[in-house]
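Working notes, structure below.
Numbering starts at 1 and runs along the sequence shown.
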Amino acid sequence: MPSSVIAGMSYNVATSTLRVTFVSGRVYEYKKVPEHIYQDMKRSDSKGTYLNQHIKGNYDFKKIS
């Protein structure tokens, strides 16, 4: 999953929570994200662009660190 912005991501099916770790070290959790959105992001050519176009502004989030 090479990305210049995103270092890693994970998805919790039980809570529909997407956790994104950025290259900067910041970690955010996005709430109530459908699993298909996570799967689409995993398959996307640009994880950062997908995040900006489909997740940011559409799902509640909290900064973890």
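Annotation: side chain of Y11 is in contact with side chain of S16 (closest heavy-atom distance under 4.5 Å). Counting heavy atoms from C-beta outward, I55 and N58 have side chains that stay 4.5 Å or more apart. Residues S65 and Y28 are not in side-chain contact: their nearest non-hydrogen atoms beyond the backbone lie 4.5 Å or more apart. Looking at V27 and K63, their side chains never come closer than 4.5 Å, going by heavy atoms from C-beta outward.
Judged by distance alone, with hydrogens and angles left aside, the side-chain atoms of K47 form a donor-acceptor pair with the main-chain N or O of S44 at under 3.5 Å.
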Derivation and outcome, side-chain contact (heavy atoms from CB on, under 4.5 Å), residues F22 and L51:
CA-CA 11 Å; F22 291 88; L51 180 76; 3.5 Å; yes
Can you check side-chain contact (heavy atoms from CB on, under 4.5 Å) on V20 and I6, steps first, answer last?
CA-CA 7 Å; V20 178; I6 297 174; 3.9 Å; yes
I'd like to know whether Y50 forms a side-chain contact (heavy atoms from CB on, under 4.5 Å) with D45, so could you lay out the CA-CA distance, the side-chain angles of the two residues, the decisive distance to 0.1 Å, and finally the verdict.
CA-CA 8 Å; Y50 190 91; D45 291 331; over 6 Å; no
Please step through side-chain contact (heavy atoms from CB on, under 4.5 Å) for the pair R43 and M41, ending with a clear verdict.
CA-CA 5 Å; R43 287 189 296 268; M41 184 173 173; over 6 Å; no
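Between F61 and Y30, the two ring planes are tilted [angle within 30° to 60°].
Rounding to the nearest 0.5 Å gives a distance of 6.0 Å between OG of S10 and CZ of R19. The distance from atom OH of Y59 to atom CD of E29, rounded to the nearest 0.5 Å, is 16.0 Å.
Other residues, nucleotides and ligands contribute only 12 or fewer heavy atoms inside 6.0 Å of the NZ atom of K32.
If you chain together hydrophobic residues whose side chains sit under 4.5 Å apart, V5 and L18 fall into the same group.
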